[in-house]
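Scroll down for the structure; my scribbles are underneath it.
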Amino acid sequence: MTSISANLQAVNARIAAAARLAGRDPASVRLLAVSKTKPAEDVRAAAAAGQHAFGENYVQEGADKVAALRDLAVEWHFIGPLQSNKTRLVAGSFDWVHGIDRLKIAERLSAQRDAHLPPLQVCIQVNVSGEDSKSGVQPAELAPLALAVAALPRLCLRGLMCIPEPSEDAGLLRRRFGLLRELKDELMGRGLVLDTLSMGMSDDLELAIAEGATIVRVGTAIFGERARP
Ligand SMILES: *Cc1c(COP(=O)(O)O)cnc(C)c1O
């Protein structure tokens, strides 16, 4: 067994244990394998071990990997920061985008989504950490953005995503994840149909699952340490 497949087994076991502890069906949590900075062969090894969804942070690197691995029946998620001059490549290469935090980016992705592809599945990134984080829409500005994104023709708004500030404080991280869940519930109360909470990484996926994560984004625990952050 390669280390990637052993790591995947261990991460899937962590997910299942955390789900059971929270009284949830382990199948309600999907694993997104974050392959940023890792070579295409690592993605191949993970796919051979049964992993279906992969996350990339850098537009050109991600699009190159998608192109090099066209023969694999896997799903590609863009999870990094996205500038408006890079939206076309993302709209043409990826199945999901997790980090929407401005209407302008969403409008460009919708306009540029190839007609022959299914709608791009998107999550809005929320700043759940207040002053301590710069990316993501502020909770107070979420509802108008979500309603506008949901109305775009070539996007399908699936839910919310967050990256809390780094912290050793499990209670604080749980409150951050819990806030994202409450914000999703509020939006559903306004009539939006959402099924996704994208939250939790290698170090804190158990806390995120306890608060309702449906997608955990895990890199290091599967592929090992990265050379650049
Ligand atoms: C890199 C990254 C991850 C994975 O982080 P690990 O700590 O390596 O599991 C998850 N989400 C986002 C947005 C990332 O940039």
Side-chain angles (χ1 to χ4, degrees), residues 3-15 17-18 29-39 42-43 45-46 49 51-63 65-66 74-83 86 90 93-102 105 109 120-129 132-137 158-170 172-174 176-177 179-180 196-229:
S3 65
I4 287 174
S5 83
N7 291 347
L8 269 171
Q9 245 179 44
V11 170
N12 279 313
R14 280 175 65 191
I15 291 170
V29 186
R30 293 182 68 201
L31 173 58
L32 180 64
V34 177
S35 47
K36 63 183 177 199
T37 80
K38 300 294 179 180
D42 286 8
V43 174
Q51 176 59 29
H52 179 63
F54 293 88
E56 288 285 333
N57 280 58
Y58 308 101
V59 175
Q60 192 60 55
E61 178 197 335
K65 244 177 262 181
V66 172
V74 298
E75 192 176 270
W76 290 100
H77 295 230
F78 187 76
I79 62 172
L82 183 50
Q83 262 115 43
K86 300 275 180 65
V90 169
S93 298
F94 287 85
D95 303 297
W96 284 66
V97 175
H98 289 229
I100 304 285
D101 63 359
R102 289 180 284 153
I105 297 286
L109 288 169
L120 191 60
Q121 311 296 300
V122 301
C123 293
I124 292 177
Q125 182 175 355
V126 183
N127 178 353
V128 292
S129 306
D132 296 329
S133 166
K134 280 179 282 293
S135 50
V137 64
R158 296 293 294 270
L160 304 179
M161 177 266 212
C162 72
I163 312 172
E165 72 272 45
S167 172
E168 304 282 303
D169 181 345
L172 179 131
L173 290 170
R174 257 194 92 145
R176 302 304 193 218
F177 294 137
L179 173 59
L180 201 70
T196 301
L197 282 173
S198 167
M199 58 189 194
M201 317 200 291
S202 291
D203 290 337
D204 56 16
L205 66 90
E206 284 86 358
L207 301 172
I209 289 169
E211 292 294 341
T214 65
I215 297 181
V216 291
R217 310 178 308 265
V218 178
T220 312
I222 297 170
F223 298 108
E225 295 291 337
R226 289 177 293 272
R228 57 184 155 113

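Here the structure is a predicted model, which is why all the values come from computation and not from measurement. Numbers here are sequence positions counted from 1. Indexing begins at 1, ligand by ligand and atom by atom, following the structure's order.
Comparing heavy-atom distances from atom 6 (P) of ligand 1 across Ser202, Ser35, Cys162 singles out Ser202 as nearest. Here atom 1 (C) of ligand 1 lies nearest to Lys36 when heavy atoms of His98, Lys36, His77, Arg217 are compared.
Side chain of Gln60 to main chain of Gly62: no donor-acceptor pair is present (N/O by atom type, distance under 3.5 Å, no hydrogens or angles). Side-chain N or O atoms of Thr214 include one that pairs as donor or acceptor with a backbone N or O of Leu197 at under 3.5 Å. Arg217 contributes no side-chain N or O that, together with a main-chain N or O of Gly55, makes up a donor-acceptor pair within less than 3.5 Å. Remark: the backbone N or O of Leu207 is not paired with any side-chain donor or acceptor of Asp204 at under 3.5 angstrom.
Applying the 4.0 Å criterion to heavy atoms of Ile163 picks out, from ligand 1, the atoms 13 (C). Close approach of ligand 1 to Val218 (heavy-atom distance below 4.0 Å) involves ligand atoms 9 (O). Proximity to Gly219 (heavy-atom distance under 4.0 Å) selects the following atoms of ligand 1: 4 (C), 6 (P), 8 (O), 9 (O). Close contacts between ligand 1 and Ile79 involve ligand atoms 11 (N), 12 (C), 13 (C), 14 (C) [criterion: under 4.0 Å to a heavy atom]. With ligand atoms numbered from 1 in the order given, ligand 1 contributes 6 (P), 7 (O), 8 (O), 9 (O) to contacts under 4.0 Å with heavy atoms of Thr220.
The environment of CG in Asp169 is crowded: more than 12 heavy-atom neighbours from other residues, nucleotides or ligands sit within 6.0 Å.
Taking the six-membered ring where the residue is Trp, Trp76 and Phe54 present tilted rings, their angle falling between 30° and 60°. Ring planes of His98 and His77: tilted class, angle from 30 to 60°.
Residue contact annotation: Asp203 has no non-hydrogen atom under 4.0 Å from ligand 1.
In terms of protein heavy-atom proximity, atom 10 (C) of ligand 1 is closest to Met201 SD, 3.1 Å.
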